Amino acid sequence: MFADDSDVLIVGAGPAGAHLAYLLAQQGLQVTIIDKQAFPRAKVCGGGLSRKAMDLLGFELGDTMHQPISGAILTYGNRDTVLKEMPSMAACTVVRSEFDQMLLERARAQGVRFCAETAFIDATESADAVSVTTSRGVFRSRLLLAADGASSAVRNRLFGKDLVTYVPALEALVWPEDGALEEFGQRALFDFDGMPHGYGWIFPKRDHFNVGVYSPFGGTALRQHLDRFAAAYAGLQRPQRITYQGYVIPLSNRRREFQRGRVWLLGDAAGLAEALFGEGIYFALKTAVLAARAIAEDGLRADSSGYSRLLRRELLPELRAATWMARLVYRFPKLTFSHLVLNQRINQDFAGLISGEIGYRHCLYKTALGFPRWLMPSKAPV
Ligand SMILES: Cc1cc2nc3c(=O)[nH]c(=O)nc-3n(C[C@H](O)[C@H](O)[C@H](O)COP(=O)(O)OP(=O)(O)OC[C@H]3O[C@@H](n4cnc5c(N)ncnc54)[C@H](O)[C@@H]3O)c2cc1C
């Protein structure tokens with residue numbers, strides 16, 4: 001056992017933890033980040049990175065970008081289909097082992113110390129510090145910043161196991177027959193018949209597809225839904241190789257509790273993915289930005305409530321609107337598809353949501369305003 005001191009200890013080196021480490025090191029703080037896994041490590045994720053996430057990072061992804069996404073295929077069971085071309089790159093795809101490794105290396109280049117294969121076990125707070133017991137000894141820091149994902153051990157241990165609600169999602173990595181990726185092009189596909197009260201996605205990577213299903217209402221038999229969804233697409237048949245992996249997406253923080261004394265929750269650990277698409281990377285990065293801003297303003301004090309205040313002001317209203325959008329869109333998916341998705345004005349807004357050109361509150365407001373018009377079939381679907 002050893003005692004190891006730093007200004008802040010970050011648990012979890014996913015996007016939230018690695019980006020926060022980078023931002024805090026830039027402020028001149030001594031930062032240690034621990035992760036229970038060796039890096040690079042695999043992470044279950046579609047790897048869809050929205051334009052707003054890229055803008056937030058603010059640097060070119062280079063080879064880490066697998067495909068730029070400049071169009072969305074919106075469909076219902078591969079029968080009715082709208083192709084929404086987007087004027088500029090609205091999103092891109094990445095593979096999480098590479099993307100997360102890149103963010104971590106960027107933090108390390110700023111002087112962040114990284115301890116791999118070091119799992120959080122417990123923490124106790126004193127007047128001026130927090131002592132963290134890990135699988136590799138004891139760390140002491142002024143703040144403990146938990147970015148340890150949907151099943152956060154820090155959250156479960158220090159905030160209770162019931163704080164966050166989550167739903168399952170399942171994906172298949174499909175290495176298709178030659179030519180299928182080229183034919184699919186630089187598009188992302190969203191199928192509103194892919195999963196009951198949810199959707200199915202197909203995201204192209206450099207050498208494979210990521211194909212998955214998700215519903216904000218939860219659900220069972222995801223493998224059956226995924227197989228039924230994939231069966232509708234010729235390009236996914238006769239794959240050279242296929243693997244399946246599933247995990248959970250945390251959609252809400254029941255008590256809206258994000259910090260207790262010297263311990264703060266970020267990203268999935270805080271329950272802050274969005275409900276409409278299940279997007280979590282942007283929101284994980286955004287929590288890092290807000291936590292770094294709160295620390296810049298208040299310092300490393302135990303009585304600072306700046307982080308929660310920023311979350312309530314800048315993030316939670318958007319996430320609440322996303323939840324309402326999800327209820328609206330997936331409650332009656334067939335109706336939604338014919339009256340919302342085929343409506344050119346509204347599907348334009350959906351595309352704007354992915355790129356970040358418009359926010360969820362704005363989209364919800366415009367959708368609600370247009371309500372009587374949805375009942376009329378759209379004359380110009382595309
Ligand atoms: C099937 C699926 C598809 C998805 N697709 C997308 C998508 O296309 N686009 C998108 O934006 N979002 C997607 N998401 C959501 C996205 O993956 C998450 O929201 C995002 O990874 C959250 O980042 P994070 O940094 O908070 O946590 P994570 O990325 O989960 O990182 C947490 C880190 O903490 C570490 N850790 C865990 N426990 C401990 C411990 N006890 N001690 C030390 N370290 C620990 C883990 O090893 C991990 O490295 C998807 C999720 C799922 C399940």
Side-chain angles (χ1 to χ4, degrees), residues 9-21 32-54 56 69 91-97 99-101 103-104 114-123 132-136 139 144-157 164 166-173 188 190 195 198-203 205 210-214 222 226 244-251 265-288 291 354:
L9 178 71
I10 299 174
V11 182
H19 191 49
L20 178 61
T32 300
I33 182 165
I34 64 170
D35 199 290
K36 69 178 179 186
Q37 300 198 56
F39 268 61
R41 56 95 180 92
K43 162 78 179 84
V44 181
C45 181
L49 196 66
S50 58
R51 173 86 254 169
K52 57 182 186 278
M54 287 186 269
L56 186 147
I69 299 296
C92 74
T93 60
V94 296
V95 167
R96 284 291 301 275
S97 54
F99 177 71
D100 291 15
Q101 175 73 12
L103 291 181
L104 180 60
F114 175 56
C115 304
E117 298 178 273
T118 306
F120 169 90
I121 294 172
D122 200 359
V132 179
T133 306
T134 76
S135 56
R136 297 219 178 191
F139 291 72
L144 165 59
L145 304 172
D148 53 341
S151 316
S152 170
V154 179
R155 182 190 71 226
N156 288 341
R157 184 85 191 126
V164 159
Y166 34 77
V167 296
L170 181 68
E171 65 188 21
L173 311 187
F190 300 87
M195 161 98 191
Y199 79 100
W201 72 80
I202 303 177
F203 294 166
K205 307 287 172 83
N210 186 293
V211 182
V213 289
Y214 151 83
L222 265 68
L226 181 55
Y244 294 87
Q245 47 190 29
Y247 197 44
V248 291
I249 301 186
L251 296 182
L265 302 176
L266 289 98
D268 273 12
L272 294 175
E274 65 85 273
L276 185 60
F277 298 113
E279 178 179 5
I281 301 171
Y282 166 76
F283 296 93
L285 295 170
K286 184 75 182 176
T287 59
I354 296 170

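Keep in mind the model is a prediction, meaning the values are calculated, not measured. Order of appearance sets the numbers: ligands from 1, and atoms from 1 within every ligand.
Remark: Ala153 engages Phe120, Asp148 in a side-chain contact (heavy atoms from CB on, under 4.5 Å) (not counting sequence neighbours). When the ring pair (Phe, Tyr, Trp, His ring centres under 6.0 Å) test is applied to Phe114, the partners found at least two apart in sequence or on another chain are Phe39.
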Could you tabulate the donor-acceptor pairs under 3.5 Å formed by side-chain atoms of residues 277-284, not counting sequence neighbours?
unit_1, atom_1, unit_2, atom_2, d
Glu279, OE1, Lys52, NZ, 3.3
Glu279, OE2, Ser50, OG, 2.6

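Protein residues having a heavy atom under 4.0 Å from any atom of ligand 1 are Val11, Gly12, Ala13, Gly14, Pro15, Ala16, Asp35, Lys36, Gln37, Phe39, Arg41, Lys43, Val44, Cys45, Gly46, Gly47, Gly48, Arg96, Thr118, Ala119, Phe120, Ala147, Asp148, Gly149, Ala153, Ala169, Glu171, Trp201, Phe203, Tyr247, Val248, Ile249, Gly267, Asp268, Gly278, Glu279, Gly280, Ile281, Ala284, listed by chain and number.
Between Phe203 and Phe190, the ring planes are perpendicular. Angles over 60° get that label, and only those under 30° would be called parallel.
Atom NE2 of His19 is separated from atom CG of Leu285 by 5.5 Å, given to the nearest 0.5 angstrom.
Between the side chains of Ser151 and Tyr247, at least one donor-acceptor pair of N or O atoms lies under 3.5 Å.
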